[in-house]
Protein chains: 2
Amino acid sequence: MKSRISPVAASELITRAFQQNGVRPTPQRYFVLEHLLCHPEHATADELWASINKRHAKASRATVYNTLNALVGAGLVKEFALDGKAARYDANLEAHHHFVCDVCNTVEDVEWFDIPLPAAHDVRSLEVVFRGVCAKCK
Amino acid sequence: MKSRISPVAASELITRAFQQNGVRPTPQRYFVLEHLLCHPEHATADELWASINKRHAKASRATVYNTLNALVGAGLVKEFALDGKAARYDANLEAHHHFVCDVCNTVEDVEWFDIPLPAAHDVRSLEVVFRGVCAKCK
DNA sequence: GTATTTGCAAATCATTTGCATAAAC
DNA sequence: GTTTATGCAAATGATTTGCAAATAC
């Protein structure tokens with residue numbers, strides 16, 4: 001869940017994930033996915049852009065967005081959009097819910113539990129978002 | 001729930017709601033709330049703007065947003081933001097969940113049911129969004 | 001060598017803001 | 001008469017797009 005993978009451990013994972021999902025490996029894509037795997041804080045596109053340009057290669061904002069769309073399309077990353085604010089991205093593929101702090105806007109994963117599905121609809125996916133005040137902001 | 005109130009029935013409701021919540025009545029505010037009460041389709045700000053300018057008075061887009069913020073602040077309307085798209089607004093104040101059609105993006109209300117709260121967090125509100133294909137798009 | 005990706009700058013979309021005018025109390 | 005809301009146009013923030021140059025197969 002909060003699996004903060006080390007960059008070394010991530011390396012092989014990423015290479016394999018790209019191969020298995022037909023995603024052409026580029027440095028930009030590598031570093032985007034690496035960051036998401038190693039930092040469970042649900043980064044925004046802009047945070048990813050800043051992080052990559054600080055440490056590694058250069059990547060334009062447009063490329064970060066392209067990359068994220070490619071990774072989401074390949075099923076390697078999930079997008080989590082909240083209320084007009086910038087979308088957040090998550091490489092945690094295990095099913096889980098979310099908790100959003102009303103004060104600092106950080107997002108935490110919440111362990112999955114089943115909820116009843118409305119019989120009247122053809123439900124393919126669902127999302128549960130809890131809101132409140134996180135431990136740090138109390 | 002899908003209470004499609006008639007404009008006549010809405011009139012008194014709106015007047016009273018404004019008085020009780022300290023919202024200054026203006027034609028623009030009146031028509032925004034009336035539309036939301038009479039049309040349960042979770043309109044966007046832009047749809048509200050178009051609807052009002054077609055039928056009644058004129059209202060600038062900025063005023064529609066101001067109005068919506070005022071109504072949300074007064075607790076008369078709820079905002080429902082989905083995935084980067086324009087926010088949708090809802091005058092249905094009864095607790096309920098949502099179903100979003102992946103094809104046509106329409107939003108339907110789903111009858112409320114309780115779900116367990118994660119004990120580790122101080123939860124103040126929650127939102128459940130089901131996604132799938134609506135009856136029309138099947 | 002062909003297809004795809006990158007980077008840049010400009011474009012787009014949803015929403016907010018500043019400020020003068022108009023309407024509500 | 002004072003306060004608050006409206007309308008316009010410009011500003012902002014997030015994201016997308018078009019196109020030439022670079023990179024992956």
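Naming: A, B, ... by sequence-line order, numbering from 1 per chain. In what follows, every heavy atom counts, from backbone to side chain, and hydrogens, waters and symmetry copies are set aside.
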Select base, sugar-phosphate, or nothing to describe what [X] touches, counting heavy atoms under 4.0 Å on all strands.
X: B:A86; answer: sugar-phosphate
X: A:N69; answer: sugar-phosphate
X: B:K85; answer: nothing
X: B:A70; answer: nothing

Heavy-atom check, side chain of A:H98 versus side chain of A:D90, under 4.5 Å: yes
So, is [X] close to the [N] phosphate, meaning a side-chain N or O under 4.0 Å from OP1 or OP2?
X: A:T26; N: C:dT6; result: yes
X: B:N66; N: C:dT16; result: no
X: A:Q28; N: C:dG7; result: yes
X: A:R29; N: C:dT5; result: yes
X: A:Y65; N: D:dT16; result: no

Take the protein atom [atom1] of [X] and the nucleotide atom [atom2] of [N], then report the distance between them rounded to whole Å.
X: A:F80; N: D:dT15; atom1: CZ; atom2: P; answer: 14 Å
X: A:E47; N: D:dA14; atom1: CD; atom2: C1'; answer: 13 Å
X: A:L68; N: D:dA14; atom1: CG; atom2: P; answer: 14 Å
X: A:E79; N: D:dA14; atom1: CD; atom2: C1'; answer: 11 Å
X: B:F18; N: C:dA24; atom1: CZ; atom2: P; answer: 13 Å
X: A:F31; N: C:dT5; atom1: CZ; atom2: P; answer: 18 Å
X: B:Y30; N: D:dA5; atom1: OH; atom2: C1'; answer: 19 Å
X: B:I52; N: D:dT6; atom1: CD1; atom2: P; answer: 11 Å

[X] and [Y]: same hydrophobic cluster, using ILVMFWY side-chain contacts below 4.5 Å?
X: A:V72; Y: A:F31; answer: yes
X: A:V133; Y: A:V107; answer: no
X: B:F113; Y: A:V123; answer: yes

Fit a plane to each ring of B:H39 and B:H35, take the angle between them on a 0 to 90° scale, and name the class: parallel (under 30°), tilted (30 to 60°) or perpendicular (over 60°). parallel
Choose from [options] the nucleotide whose nearest atom is closest to any side-chain atom of [X].
X: B:R61; options: C:dA24, D:dG7, C:dT15; result: C:dT15
X: B:T67; options: C:dT6, D:dT6, C:dC25; result: D:dT6
X: B:R24; options: D:dT15, D:dA5, C:dA9; result: D:dA5
X: A:K58; options: C:dG7, D:dA14, C:dA24; result: C:dG7

Take B:T44 and B:V23, find for each the nucleotide of DNA chain C with the closest heavy atom, and name the residue whose nucleotide sits nearer the 5' end. B:T44
Might you point out which heavy atoms bring A:A45 and A:L68 nearest each other, and give the distance in Å? CB-CD1, 3.9 Å
